[in-house]
2 protein chains.
Amino acid sequence: MPGPDAVGKSGPHHPRRPTMVDVAREAGVALRTVSRVVNGDTTVGEDFAERVRSAVDRLGYQPDERARQLRSGRTGAIGAAVRHIADAHPVLRAIDETARAVGLTVVAMSTEDDEERERDAVMSMCRRRMDGIIIEPIAQDHHYLQPEIDAGLPVVAFDRPAAGLDVDTVLSDNRGGIAQAFAHLTAQGHRRIGYIGDDERIHTGRERATAFRDALSGIGGTLDGMVHPGPVEPARVAAALAALRDRPDPATALVTGNFNTTVAVIRALGADFGGIALVGFDDFGLADLLRPGVTVVAQGDEEIGRTAIELLSARRANRARPTRTVIVSTRLIPRGSGESAP
Amino acid sequence: MPGPDAVGKSGPHHPRRPTMVDVAREAGVALRTVSRVVNGDTTVGEDFAERVRSAVDRLGYQPDERARQLRSGRTGAIGAAVRHIADAHPVLRAIDETARAVGLTVVAMSTEDDEERERDAVMSMCRRRMDGIIIEPIAQDHHYLQPEIDAGLPVVAFDRPAAGLDVDTVLSDNRGGIAQAFAHLTAQGHRRIGYIGDDERIHTGRERATAFRDALSGIGGTLDGMVHPGPVEPARVAAALAALRDRPDPATALVTGNFNTTVAVIRALGADFGGIALVGFDDFGLADLLRPGVTVVAQGDEEIGRTAIELLSARRANRARPTRTVIVSTRLIPRGSGESAP
DNA sequence: ATGAAAGCGCTAACAA
DNA sequence: TTGTTAGCGCTTTCAT
């Protein structure tokens, strides 16, 4: 004898998910009691609680997170807009693990180094009312986020500052890292050291090239033709490399400003790196398996990710506190390519 | 002359985000008109539309996606539960790009090879009422998902079948890939070929080890001591490698069953891979930079990701259709390590 | 300890 | 073309 709503099971089409109302009816209790049990409220009699739990199981009830969030205002999730979600990303791992530990869910989206995609990703996070946003900035101008920040959205930038925005930021010690690389090479006796790195329109590229110039003039070296920032394309990198080698006083050592440049240089150098000493900025997975092993300046990825979450939490607790910028130090890892004499 | 609700701006604390009601009041139109403009409904007079747009800008209004989804029933997002969100993941890239192209947002979560985390991730996606779920299964038993599937949730598994579940699936041609690797080595004259790979409790490990046994017996070789499946730990891999080399008839060639094993083997072999020929399952980023370059069987990551979205879309269109399993073929890429004679 | 009713911000029916 | 009303599924007062 079908009741008035037994027609619901009309076919394989969208057998409407059970709601709290369904559970309440099934258990013979009030809606509010189901809500209490589902949320672990202890002020419910054991017999009532049991009836609810059993009804939940029988119906396969799962609370609708959207409704819950809409009503309660909370979200319990933070967004992370990173450059390439599909590439290895140690900072993202640290963000994910740290957030889990404090009960936050991380929703990651990819910007693919595209300003418009960054905006899309970030705005989509805002429309989902994320409790906070961590961003690896790519856009040249982040004013579009100002209204959200004014409305109380906690934002943290990492790797680069978010141009045009006063937000909490976590950066690598780019200048210190370059200084480490440079000092390591001079300690081996190198004096003619070249640099190939990112475009100076990019924050890290600018920082690292500048630091390298400072280091080079610091030992009285000539800057002329030794510093090559620019787009990271194999042809451009190869040309820069040729310029460093085909001169009366060729460079005997080389610092590369980021992972992609390091790889491009190694491809261009060929076997044994052509006898040139090399220190690369950024560590990477198989650096120890190349011949020679690649000496690198490693960034503190784990600490960067952890710090980003910490800054976000601090701001959630107090939106009025002044913004902070944390600099995370780098570490030189010798593996062979940077330990040969001139 | 402040109105009854002008007290809202009481301080820097949560200056309450504007809602559609606020926009409607600001623009002097009905709520429904704002909704129409925000959603691009064309049946709105240009003067009204303009007033709404201007009010939206003035207030910095952003629609609340949660409310929209709750009311409309749609979500417009699919979840992807992958093994390691922070590692390079070409399939995830393809999933993301393909989904974007059809207007779907992808929310990725990490399972970290942990059964419980897989469940957490997947259930969290269900509670957010994702329009579908793509899963790289790790759990041995996925019955927990059956109620969701019965309730109409489209699910697609990739890389491995979802044990205990009848869902659409995309797999690599593991057996074909191993056959390719084997044939490549026999073509160089190798007859004593060893295999080191994943534990056979894992689907891909089982498939690949089995295929290798078939290939080896196919040329009349002895299986005795030549096939080494097991956990991918450096010590275990090194032991297996030693067993293959320290015998009266040492292996002259080797097939490795996955990326991690390939790397562990290369670490153990040292310079020039100890003169042994090597073909690895799974391509990886710097395979061409090692000496020798590493010959691999590459999986069709891009096609796998694209197919996963296609299967999901097909099921969203028709929940009743029988499940399908698509096998994506592999491709051998010679780079040097697999082209030496015995 | 339990329940009834209001309402989060939005879209979908249905007027006008 | 524009506005009014109801209600998505849940949590939150407020009563009992």
Side-chain angles (χ1 to χ4, degrees), chain A residues 5 8 14 16-53 55-56 59-76 124 126-131 151-152, chain B residues 5 8 14 16-53 55-56 59-76 124 126-131 151-152:
Chain A
D5 48 342
H14 288 250
R16 198 176 71 73
R17 282 176 160 286
T19 74
M20 234 175 219
V21 178
D22 299 322
V23 176
R25 195 179 326 115
E26 174 81 11
V29 301
L31 180 62
R32 184 68 183 87
T33 304
V34 178
S35 174
R36 286 199 174 94
V37 173
V38 166
N39 289 291
D41 190 323
T42 52
T43 72
V44 179
E46 185 46 43
D47 45 340
F48 274 73
E50 185 46 41
R51 275 162 63 193
V52 169
R53 278 192 293 264
V56 163
L59 267 47
Y61 169 75
Q62 290 281 3
D64 187 322
E65 192 61 31
R66 300 167 302 182
R68 189 202 293 255
Q69 289 175 11
L70 179 59
R71 183 58 241 246
S72 70
R74 291 179 285 268
T75 294
S124 143
C126 292
R127 286 192 298 271
R128 286 180 208 171
R129 299 294 187 264
M130 293 289 175
D131 284 344
Chain B
D5 48 341
H14 289 250
R16 197 176 70 74
R17 282 175 160 286
T19 75
M20 232 173 218
V21 177
D22 299 323
V23 177
R25 192 175 333 114
E26 174 82 12
V29 302
L31 178 62
R32 186 70 184 90
T33 303
V34 179
S35 173
R36 285 198 174 96
V37 173
V38 167
N39 289 289
D41 190 323
T42 53
T43 71
V44 179
E46 184 47 42
D47 45 342
F48 275 75
E50 186 44 43
R51 274 162 64 193
V52 169
R53 279 192 292 265
V56 163
L59 268 48
Y61 169 75
Q62 289 282 0
D64 188 322
E65 192 61 32
R66 301 167 302 182
R68 188 201 294 252
Q69 289 175 11
L70 179 60
R71 180 61 239 245
S72 71
R74 291 181 285 268
T75 294
S124 144
C126 291
R127 285 193 297 272
R128 286 182 208 170
R129 300 293 187 265
M130 293 290 175
D131 284 344

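Model, not experiment: these values are computed from the prediction. Within every chain, numbering begins at 1; the chains are lettered A, B, ... in the order of the sequence lines, protein sequences first and strands thereafter.
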- Rounded distance in Å - CZ (A/Arg66) to C1' (C/dT11): 13 Å
- pair A/Arg66-B/Thr75: side-chain heavy atoms closer than 4.5 Å: yes
- Message: Can you list everything that forms a salt bridge (charged side-chain N to carboxylate O under 4.0 Å, His left out) with B/Arg68? Sequence neighbours excluded, please.
- Response: B/Glu65
- Closest non-hydrogen atom pair between B/Ala27 and B/Arg51, with its separation: O-NH2, 3.0 Å
- Query: In Å and rounded to the nearest 0.5 Å, what is the OG1 to CG distance from B/Thr19 to B/Asp64?
  - Reply: 9.5 Å
- Its 5'-most and 3'-most nucleotides having an atom under 4.0 Å from a non-hydrogen atom of chain B, DNA chain D is contacted over D/dT1 to D/dG9
- Query: Given atom CG of A/Leu31 and atom C1' of C/dA6, what is their separation to the nearest angstrom?
  - Reply: 12 Å
- Task: For DNA chain C, find the residues of residues 44-53 of chain B with a heavy-atom distance under 4.0 Å and give them by number; none if there aren't any.
- Result: none
- Query: Roughly how far, to the nearest 0.5 Å, is CE of B/Met20 from OG1 of B/Thr33?
  - Reply: 10.5 Å
- Message: Looking at every heavy atom in both A/Ala24 and A/Ala30, which two are closest together, and how far apart are they?
- Response: CB-C, 4.0 Å
- Separation of B/Leu70 atom CG from C/dC8 atom P, in whole Å? 13 Å
What protein N or O atoms touch nucleotides 12-16 of chain C N or O atoms at under 3.5 angstrom, if any, and at what distances?
residue : atom : partner : partner atom : Å
C/dA12  : OP1  : B/Arg74 : NH2          : 3.0
C/dA12  : N7   : B/Arg32 : NE           : 3.4
C/dA13  : N6   : B/Arg32 : NE           : 3.4

- Query: 5'-most contact on DNA chain D: A/Gln62 or B/Gly28, nearest heavy atom basis?
  - Reply: B/Gly28
- Query: Could you state the CE-C1' distance from A/Met20 to C/dG3, rounded to the nearest angstrom?
  - Reply: 14 Å
- Assert: residue with more 5' nearest nucleotide on DNA chain D, out of B/Ala67 and B/Val29, is B/Val29
- Query: Tell me: CZ of A/Arg25 to P of C/dG3, nearest whole Å?
  - Reply: 15 Å
- Item | Smallest separation among heavy atoms of A/Arg17 and B/Arg129, with atom names | CD-NE, 3.4 Å
Taking distance alone, no hydrogens or angles, what donor-acceptor pairs closer than 3.5 Å link side-chain atoms of residues 40-49 of chain B to residues at least two apart or in another chain?
residue : atom : partner : partner atom : Å
B/Asp41 : OD1  : B/Thr43 : N            : 2.8
B/Asp41 : OD1  : B/Thr43 : OG1          : 2.9
B/Glu46 : OE2  : B/Arg53 : NH2          : 2.7

- Query: Does A/Thr33 place a side-chain N or O at less than 4.0 Å from the phosphate oxygens OP1/OP2 of C/dT2?
  - Reply: no
- Provide, to the nearest angstrom, the distance between the CD atom belonging to A/Gln69 and the P atom belonging to C/dG9. 14 Å
- Task: Compute the bend angle of the helix from C/dA1-D/dT16 to C/dA16-D/dT1 from the end axes (five pairs per end), rounded to 10°.
- Result: 40°
- Nearest non-hydrogen partners of B/Glu26 and B/Ala55, listed with the distance: CG-CB, 3.5 Å
